[in-house]
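Everything on this sheet refers to the single structure shown next.
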Number of protein chains: 2
Amino acid sequence: MENKPVETTYYHLKRCPVELALEVIGGKWRIPILWKLSDAKTVRYNELKRSISGITNTMLTRSLQDLERHGLVKRIEYSEVPPHVEYSLTDTCQRLIPALKIINEWGKSI
Amino acid sequence: MENKPVETTYYHLKRCPVELALEVIGGKWRIPILWKLSDAKTVRYNELKRSISGITNTMLTRSLQDLERHGLVKRIEYSEVPPHVEYSLTDTCQRLIPALKIINEWGKSI
DNA sequence: CAGCATCCTCCGTGATACTG
DNA sequence: CAGTATCACGGAGGATGCTG
């Protein structure tokens, strides 16, 4: 058996998990989006937009794409006219919701 | 019966607690700082700086000041030469740490 | 050791308009 | 309804040097 390839620079093994997580859920809109998605099974694009005060199409779209790419959000498109798209949290992301609940409670007291 | 007074703009009463919290703990460095402070009773400035990879003096100082102003961090300065300053979490902030622990665990799995 | 003062850059974010 | 495509900008964040 040959020698296994040397492990090259696996930065992610050294990086702080909190910082890694923040790369995925950080930014101005992602946590608010996740939080809104967390109290409904599925949410439509415009419903999401209305419920998150101040967010623009640009940022909502981009944030949802980022979250989807990282596997936190599921996007289901129904082939209808007019278009119909439902967003929901993945199981991976569900495990994060308890943290958001704590933050929410904490936020009430400040 | 008279008409009830119109609700004037009490933004703080309407705002989502999560968003409020994020104004205080959001940004690139604040949560990493809090996280580092959470696993020690007190931490000195340069120790904090060394342990948070990539942070600059500017951002560490500013972030600590913001956190102190919002009552999340306690700063104790000892009158010595050379200077000696200890940072620690306030009780208010301690209540937030369980959320960071969840985020940390979650971050290990991504 | 623990910052502060400046200056500067970059890009996250916003505004606007348009579309299948 | 659910987005895309551009363009522009302000301010969060960074680099550098200095100090009590």
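Protein chains get the first letters and strands the later ones, always in sequence-line order, with residue 1 at the start of each.
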Q) In whole angstroms, how far is the P atom of D:dG11 from the CG atom of B:Asp66? A) 15 Å

Q: Spell out protein contact along nucleotides 4-20 of chain C as letters: B when the base is contacted, S when just the sugar-phosphate is, - when no protein heavy atom is under 4.0 Å; keep the 5' to 3' order.
A: BB-------BSBB---B

Q) Given atom CD1 of B:Ile31 and atom C1' of D:dA12, what is their separation to the nearest angstrom? A) 16 Å

Q) What salt bridge (charged side-chain N to carboxylate O under 4.0 Å, His left out) pairs are there with at least one residue in residues 48-63 of chain A, not counting sequence neighbours? A) none

Q. Of all of residues 69-82 of chain A, which get a heavy atom below 4.0 angstrom from DNA chain D, listed by number?
A. A:Arg75, A:Pro82

Q: Write down the distance between CG (B:Leu60) and P (C:dC1), rounded to a whole number of angstrom.
A: 14 Å

Q) Apart from B:Ile102 itself, which Ile, Leu, Val, Met, Phe, Trp or Tyr residues share its cluster (side-chain heavy atoms under 4.5 Å, direct or through members)? A) A:Ile102

Q. Any ring pair (Phe, Tyr, Trp, His ring centres under 6.0 Å) pairs touching residues 75-110 of chain B, not counting sequence neighbours?
A. B:Tyr78-B:His84

(Q) Please tell me if A:Arg44 has a side-chain N or O lying less than 4.0 Å from either OP1 or OP2 of D:dA2. (A) yes

Q | Spacing between B:Ile33 atom CD1 and C:dG3 atom P, to the nearest angstrom | A | 12 Å

Q.
Checking B:His70 now: which residues fulfil ring pair (Phe, Tyr, Trp, His ring centres under 6.0 Å) with it, not counting sequence neighbours?
A. none

Q: Quick one: which residue pairs count as a salt bridge (charged side-chain N to carboxylate O under 4.0 Å, His left out) with a foot in residues 71-86 of chain A, not counting sequence neighbours?
A: A:Arg75-A:Glu77

Q: Please list all pairs passing the side chain to side chain donor-acceptor pair (under 3.5 Å) test where one or both residues lie in residues 25-41 of chain A, with sequence neighbours left out.
A: A:Arg30-A:Asp66

Q: May I ask you to evaluate whether A:Tyr87 reaches the phosphate of D:dC1, defined as a side-chain N or O under 4.0 Å from OP1 or OP2?
A: no

Q. What residues join B:Val81 in its hydrophobic cluster, counting side-chain heavy atom gaps under 4.5 Å, either direct or through other members?
A. none

Q. Just how far, in rounded Å, is P of C:dG3 from NZ of B:Lys49?
A. 11 Å

Q: Whole angstrom is fine here: how far is it from CD in B:Glu47 over to P in C:dC1?
A: 12 Å

Q | Axis deviation across the helix from C:dC1-D:dG20 to C:dG20-D:dC1, five-pair ends, to the nearest 10° | A | 70°

Q. Taking A:Ser63 for the side chain and A:Leu60 for the main chain, is one N or O donor matched with an acceptor at less than 3.5 Å?
A. no

(Q) With rounding to the nearest 0.5 angstrom, report the CD1 to CG distance, A:Ile103 to B:Leu100. (A) 7.0 Å

Q) Going by the salt bridge (charged side-chain N to carboxylate O under 4.0 Å, His left out) test, which pairs reach into residues 92-110 of chain B, not counting sequence neighbours? A) B:Glu105-B:Lys108

Q) Which whole-number value in Å describes the distance from A:Asn46 CG to D:dG3 P? A) 9 Å

Q. Partners of B:Glu23 by salt bridge (Lys or Arg N to Asp or Glu O under 4.0 Å), sequence neighbours excluded?
A. B:Arg15

(Q) In this structure, how many angstroms lie between the C1' atom of C:dG3 and the CG atom of B:Leu64, rounded? (A) 11 Å

